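All values derive from a computational prediction rather than experimental measurement.
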Amino acid sequence: NHYFTAPWFYCVETLCAPYGAVIAWTKFTKSEGPGNIVRFLDHVYPTLESHPSYVCIDKACVVLKNAVLNGAWRIWSLTIRFIVDSYHYINHRTTDYTCRKWCNPAPLNGSAPNLVVVENDIHGRPHYKRAFNTQACEQLNAWLGGFQSILNRMTVVNFNWTIHALLFIYTQKVIKKQLERDNNTKDDKDMRDEESEDSEEEEEEEEEEEEEEEEEEAADEFDREEEEGIADYGLDNDM
């Protein structure tokens with residue numbers, strides 16, 4: 001009774017950026033209820049200036065209803081929109097009007113243009129695409145699950161330190177991967193630009209060669225006409 005045990009707590013709640021970096025985390029003792037989630041968000045984002053534009057939660061529609069009932073939505077509605085992640089939205093949207101109307105992660109009616117972008121496939125055909133990864137926390141949870149058997153045997157101090165260290169390592173790993181992706185994208189763009197420049201230079205060289213050939217052909221034609229004119233002139237004199 002004098003020692004913390006992880007199984008006594010319901011879950012570890014994490015807050016992630018769309019690209020996967022961990023922003024904050026906490027422990028929920030008895031449930032992942034909407035009230036606990038709202039209080040956690042209030043603690044992480046205490047001012048309007050700090051509020052994100054979107055908060056993606058698997059039970060966003062339930063959190064939205066709770067925020068409306070307890071009055072928190074009067075403040076949150078000024079800056080934030082709650083959306084459900086793409087995986088859970090598949091099960092929510094058919095029966096829950098609130099979820100379908102207000103928590104759609106990729107609405108195509110223009111109500112949230114920042115959530116949907118148009119991208120071209122390899123054939124140049126345009127298609128809609130979600131602008132952000134709504135599964136970032138789910139992916140983190142899957143990674144943390146590999147350490148559950150170890151964490152369950154720790155004291156509170158060791159548990160808190162280990163979770164914090166794991167989340168730090170995971171964040172560094174995600175940031176490194178993101179930088180590599182950005183660098184690869186930049187390298188691909190530079191390569192395409194170089195190929196485009198090389199192609200333009202080749203086209204210019206081909207055009208110059210064609211112009212030179214045309215000039216040479218024109219000069220040869222002029223010389224032949226001159227020779228034929230001289231020959232004709234000499235023939236007329238003979239006659």
Colleague: Any side-chain donor paired with an acceptor under 3.5 Å for E13 and N36?
Modeller: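 E13 vs N36: no donor-acceptor pair found between side chains.
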Colleague: Would you say the rings of Y45 and W76 are close, in the sense that their centroids are separated by under 6.0 Å?
Modeller: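 No - the distance between ring centres of W76 and Y45 does not fall below the 6.0 Å cut-off.
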Colleague: Please give me the minimum heavy-atom distance between N158 and T162, naming the atom from each residue.
Modeller: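 Minimum heavy-atom contact is O-OG1, 2.6 Å.
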Colleague: Does the R100 side chain pair with the main chain of Y89, one donor and one acceptor, at a distance under 3.5 Å?
Modeller: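 Side chain of R100 to backbone of Y89, a donor-acceptor pair under 3.5 Å: no, none is there.
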Colleague: Is the number of heavy atoms from other residues, nucleotides or ligands within 6.0 Å of CH2 (W73) greater than 12?
Modeller: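 Buried by this count: over 12 neighbours within 6.0 Å.
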Colleague: First locate atom SG of C137, then atom CH2 of W25, and finally report the distance between them rounded to the nearest 0.5 Å.
Modeller: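 The SG atom of C137 sits 14.5 Å away from the CH2 atom of W25.
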Colleague: Could you measure the distance from the SG atom of C16 to the CD1 atom of I23? Nearest 0.5 Å is fine.
Modeller: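 Between C16 SG and I23 CD1, I get 7.0 Å after rounding to 0.5 Å.
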Colleague: Passes side-chain contact (heavy atoms from CB on, under 4.5 Å), I37 versus K59? Steps please.
Modeller: CA-CA 10 Å; I37 294 174; K59 53 184 73 175; 4.0 Å; yes
Colleague: Mind checking the NZ-CG spacing from K129 to N120? Nearest 0.5 Å is all I need.
Modeller: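 Separation between the atoms: 11.5 Å.
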Colleague: Kindly say whether S86 contributes a backbone atom to a donor-acceptor pair with the side chain of T134 at under 3.5 angstrom?
Modeller: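 Side chain of T134 to backbone of S86, a donor-acceptor pair under 3.5 Å: yes, one is there.
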Colleague: Please name the pair of heavy atoms, one in E32 and one in F28, separated by the smallest distance, quoted to 0.1 Å.
Modeller: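 The answer is CA-CD1, 3.8 Å.
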Colleague: With rounding to the nearest 0.5 angstrom, report the CD1 to CZ distance, I83 to R130.
Modeller: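 Rounded to the nearest 0.5 Å, the CD1-CZ separation comes to 9.5 Å.
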Colleague: Can you confirm whether H127 is buried at NE2, in the sense that more than 12 heavy atoms of other residues, nucleotides or ligands lie under 6.0 Å from that atom?
Modeller: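 More than 12 within 6.0 Å, yes.
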Colleague: Between W143 and Y170, what is the ring plane arrangement, given parallel below 30°, perpendicular above 60°, and tilted in between?
Modeller: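 Tilted.
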Colleague: So, do L144 and L167 sit near enough that their side-chain heavy atoms are less than 4.5 Å apart?
Modeller: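 Sidechains of L167 and L144: in contact.
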Colleague: Rounded to the nearest 0.5 Å, what separates atom CD1 in I80 from atom CG in L64?
Modeller: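 Here the rounded value is 11.5 Å.
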Colleague: Within this structure, what is the OG-OH distance for the pair S31 and Y10, rounded to the nearest 0.5 Å?
Modeller: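 Result: 7.0 Å between the selected atoms.
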